[in-house]
Amino acid sequence: MDLKFVRENPDEARRMLALRRSRVDIEQILSLDEERRKLVRRRDELRHEQKVISEAIAKGKREKKEEAEVFERARRLSEEVKEVEVKLRQLEAEQEELAKLLPNRVHSTVNEEEEVVAHWGEMPKFDFQPLAHWDLGEALNIIDLEAAARLAGSRFVVFKGQGALLERALINYFLDTAVRRFGYTEVMPPALANFATLEAAGQLPNLAEEMYLTRDDDFYLIPTAEPQLVAYYRDKTIDAESLPMKMVAYTPCFRREAGSYGKDVRGMIRIHQFDKVELVRLTFPERSYEDLEEMRQEAESLLKELGLPYRVKRLAAWDIAFQSAKTYDLEVWAAGVGRWLEVSSISNCEDFQTRRGRIRVRGKDGKTFYPHALNGSALALPRTFIAIVENFQQKDGSVLVPPCLRPYTNGLERLG
RNA sequence: GGAGAGAUGGCCGAGUGGACGAAGGCGCGUGACUCGAAAUCACGUAUACCCUUUCAAGGGUAUCGGGGGUUCGAAUCCCUCUCUCUCCGCCA
């Protein structure tokens, strides 16, 4: 929601913010806006007068007659304009800062309750006690958490040997499927992003504490490829014929996990750096919810092919991301830890990000509009890795590689 | 890191202090010509904000990479930042 929406629908804005459990002060925004409009009016009037006088001076010069009192009036006007403009600039900055804290509106199908909308697959049964991935990983020598702690710190992971191979295979399988079967264009963006990009996509200002910031230059390590793909055309007008624009990227993702001390501390359920393949679409507003369902099907098809049982949740209004209007989460069952793990989050952000990033589309009629932006993980790697090793572990301690990955593991069918 | 050149509308490109929201071209739209099309010709072709009026319309202001300054007046002069290009240095 933007300032205009708040101004025109204050009651609806209040309802949305309550639904989202946002603490943004709408009354302050509204009163600032009133003040700003008064100043804008004053400024416009003064500027108009100034223009008229300037023209008179120009005309006088041409006719070679100068009038001292006109000059004096112009000088005073100029000072007055400057005064008003300084005040206005302050006010606008203040207002913009507040406006950036306004989250997106939520879609009408989203309410205060989350809902599990789909289930797929059978949870595996074992005639032995299945191990968690940290034990399996150590036994098979495919992940090394101790070395990761030494090299970087806690909550990092080192993949090794067949583990590194499996990680690499998953990345390539996801990318190839997105490109060949789903028709996305592969992009390899920088892993660092600037302020404007993250602000456009909605990670800033609210996620500032969740991201790593470089010290000597103001670069953020990306928490997801989403901003890089969404803001690809920031400040650009693109042609309607290129819609829907479908982009896929593999990137490492970096998260400080600042608010989650003590949560998921073991293993690699929650780590500071992880791999992810991300899908983004820019599409026509009237069909963006069809796109959302398509993207959900795409992500689901990966899990089906891998043979991993999962469930789909439609998130509650208070739980969806700042920039999103509607979000599905895909959670995969991991037999070792005995938990559902989120491996994908698929969101329709409508025109929230494209407005912030001034990403426009020129239609055939020459008019421009803001396309809708959607994003979805397909998929996040570590938890998919966890589910594979935990669900497909065998009594002898080995792990079966899902058939769809074998072209990417050089034919390796079994870890261990 | 050092030296220099540059950034103008959807695109190309002119413009070095006043009649410039900005020549010209391309593209796009509408119309004419045509059985239809191409070519040609005519007209039109940005966005945001404020005000009036609100099915439609009118007025004002801002915007020539971003920000600041000089000036009665800035696309044009000055400062600064960002980005692009060329050369030098360093380097996976």
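Reminder, nothing fancy here: chain letters follow the sequence lines and each chain counts from 1.
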(request) Tell me whether the OP1 or OP2 atom of B:G60 has a side-chain N or O from A:H48 closer than 4.0 Å. (result) no
(message) Nearest heavy atom decides the nucleotide; on that basis, is A:A74 or A:E49 closer to the 5' end of RNA chain B?
(response) A:E49
(message) In whole Å, measure the gap between the C1' atoms of B:G67 and B:A7 for me.
(response) 16 Å
(request) Would you indicate whether the side-chain heavy atoms of A:E49 and A:E45 approach each other to under 4.5 Å? (result) no
(request) Send over the distance from A:F71 CZ to B:C72 P, rounded to a whole Å. (result) 6 Å
(message) Which heavy atom of A:V312 sits nearest to which heavy atom of A:E300, and what is that distance?
(response) CG2-OE2, 3.6 Å
(message) For a quick check under 3.5 Å, do A:Q353 and A:R356 share a side-chain donor-acceptor pair by atom type?
(response) no
(request) Scan every strand shown for a Watson-Crick or G-U wobble partner of B:A46, both distances under 3.5 Å, and answer none if you come up empty. (result) B:U63
(request) Look through every strand shown and name the nucleotide pairing with B:G21 as Watson-Crick or G-U wobble, where both distances are under 3.5 Å. (result) none
(message) Under 4.0 Å between a side-chain nitrogen and a carboxylate oxygen: does that hold for A:R150 and A:E146?
(response) yes
(request) Heavy atoms only: give me the nearest A:L229-A:E278 pair and the separation to one decimal. (result) CD1-O, 3.8 Å
(message) Below 30° counts as parallel, above 60° as perpendicular, anything between as tilted: where do the rings of A:Y212 and A:H272 land?
(response) perpendicular
(message) Checking base pairs now: Watson-Crick or wobble, both atom distances under 3.5 Å. What partners B:A7?
(response) B:U82
(message) Looking at every heavy atom in both A:V110 and A:A325, which two are closest together, and how far apart are they?
(response) CG2-O, 3.6 Å
(message) Using Watson-Crick or G-U wobble geometry with both distances under 3.5 Å, which nucleotide pairs with B:A92?
(response) none
(message) Looking at A:E210 and A:R255, would you say the former's side chain and the latter's main chain have a donor-acceptor pair under 3.5 Å?
(response) no
(request) Please determine, for B:A14, whether a Watson-Crick or G-U wobble partner exists with both distances under 3.5 Å, and give it or none. (result) none
(request) Please measure how far the C1' atom in B:G17 lies from the corresponding atom in B:G73, and state the result in whole Å. (result) 8 Å
(request) Search all heavy atoms of A:S344 against all heavy atoms of A:S377 and return the closest pair with its distance. (result) OG-O, 2.5 Å
(message) I'd like to check A:D329 versus A:D319 (side-chain heavy atoms, cut-off strictly below 4.5 Å). Are they in contact?
(response) no
Under 3.5 Å, which protein N or O atoms sit close to an N or O of nucleotides 79-84 of chain B? Give each pair with its distance.
none

(message) What does the B/S/- profile of nucleotides 49-56 of chain B look like, 5' to 3', with a 4.0 Å heavy-atom cutoff to protein?
(response) SSS-----
(message) Quick one: does any side-chain atom of A:D144 pair with a main-chain N or O of A:A147 as donor and acceptor, under 3.5 Å?
(response) yes
(request) Would you mind checking if A:E293 and A:R296 are paired as a salt bridge, meaning a charged N to carboxylate O distance below 4.0 Å? (result) yes
(message) Taking B:C49 as the reference, what is the distance to B:G31 when you measure between their C1' atoms (whole Å, please)?
(response) 34 Å
(message) Quick check on contacts: within residues 86-103 of chain A, what sits under 4.0 Å from RNA chain B by heavy-atom distance?
(response) A:R89
(request) Under a 3.5 Å limit for both distances, which nucleotide forms a Watson-Crick or G-U wobble pair with B:A32, could you say? (result) B:U40
(request) Using the C1' atom on both, measure B:G66 against B:C12 and round to a whole Å. (result) 24 Å
(message) Quick one, A:V389 and A:L166 - any side-chain contact, counting heavy atoms below 4.5 Å?
(response) yes
For nucleotides 74-76 of chain B, which of its nitrogen or oxygen atoms have a protein nitrogen or oxygen under 3.5 Å away, and what is each distance?
none

(message) Whether A:T368 contacts B:G10 is assessed here as follows: a side-chain N or O lying under 4.0 Å from the phosphate OP1 or OP2. Is that the case?
(response) no
(message) Would you measure the distance from the C1' atom in B:G27 across to the matching atom in B:C11 and give it in whole Å?
(response) 7 Å
(request) Give the rounded distance in Å between these two atoms: NZ of A:K82 and C1' of B:A62. (result) 17 Å
(message) Under 3.5 Å, is there a donor on one side chain and an acceptor on the other for A:S347 and A:N375?
(response) no
(request) Indicate yes or no: does A:E226 engage A:K276 in a salt bridge with an N to O separation below 4.0 Å. (result) no
Distances under 3.5 Å only, N/O to N/O: pair up the protein atoms with those of nucleotides 18-20 of chain B.
unit_1 : atom_1 : unit_2 : atom_2 : d
B:G18  : O6     : A:K61  : NZ     : 2.9
B:G18  : N2     : A:S54  : O      : 3.1
B:A19  : N6     : A:R62  : NE     : 2.6
B:A19  : N6     : A:R62  : NH1    : 2.4
B:A19  : N1     : A:R62  : NH1    : 2.7

(request) Answer yes or no: does a side-chain N or O of A:K236 lie under 4.0 Å from OP1 or OP2 of B:G10? (result) no
(message) Within residues 198-206 of chain A, which residues have any heavy atom lying less than 4.0 Å from an atom of RNA chain B?
(response) none
(request) Please give the nucleotide sitting opposite B:U76 as a Watson-Crick or G-U wobble pair, both distances under 3.5 Å, or none. (result) none
(request) Hey, can you tell me if A:F352 and A:F322 have their rings parallel, tilted or perpendicular (30° and 60° cut-offs)? (result) perpendicular
(request) Please determine, for B:U54, whether a Watson-Crick or G-U wobble partner exists with both distances under 3.5 Å, and give it or none. (result) none
(message) I need the CG-P distance between A:D235 and B:U8, as an integer number of Å.
(response) 14 Å
(request) Take atom NZ of A:K51 and atom C1' of B:G17, then tell me their distance rounded to the nearest Å. (result) 16 Å
(message) Taking B:C55 as the reference, what is the distance to B:U71 when you measure between their C1' atoms (whole Å, please)?
(response) 47 Å
(message) Taking B:A74 as the reference, what is the distance to B:A22 when you measure between their C1' atoms (whole Å, please)?
(response) 13 Å
(request) Tell me which of A:T237 and A:E45 sits closer to the 5' end of RNA chain B, going by the nucleotide each one is nearest to. (result) A:T237
(message) Does any part of the side chain of A:H372, heavy atoms only, come nearer than 4.5 Å to the side chain of A:T354, both counted from C-beta?
(response) no
(message) One thing to verify: whether A:K82 and A:E85 come together as a salt bridge, which I'm taking to mean a side-chain N less than 4.0 angstrom from a carboxylate O.
(response) no
(message) Using whole Å, what does the distance between atom C1' of nucleotide B:G73 and atom CZ of A:R73 come to?
(response) 15 Å
(request) Give a yes or no answer on whether the side chain of A:Q393 reaches the backbone of A:L131 with a donor-acceptor pair at less than 3.5 Å. (result) yes
(request) Write down the distance separating the P atoms in B:U52 and B:A38, rounded off to the nearest Å. (result) 48 Å
(request) Give me the one residue out of A:P402, A:P407, A:C404 that meets side chain to side chain contact (heavy atoms under 4.5 Å, CB included) with A:Y173. (result) A:C404
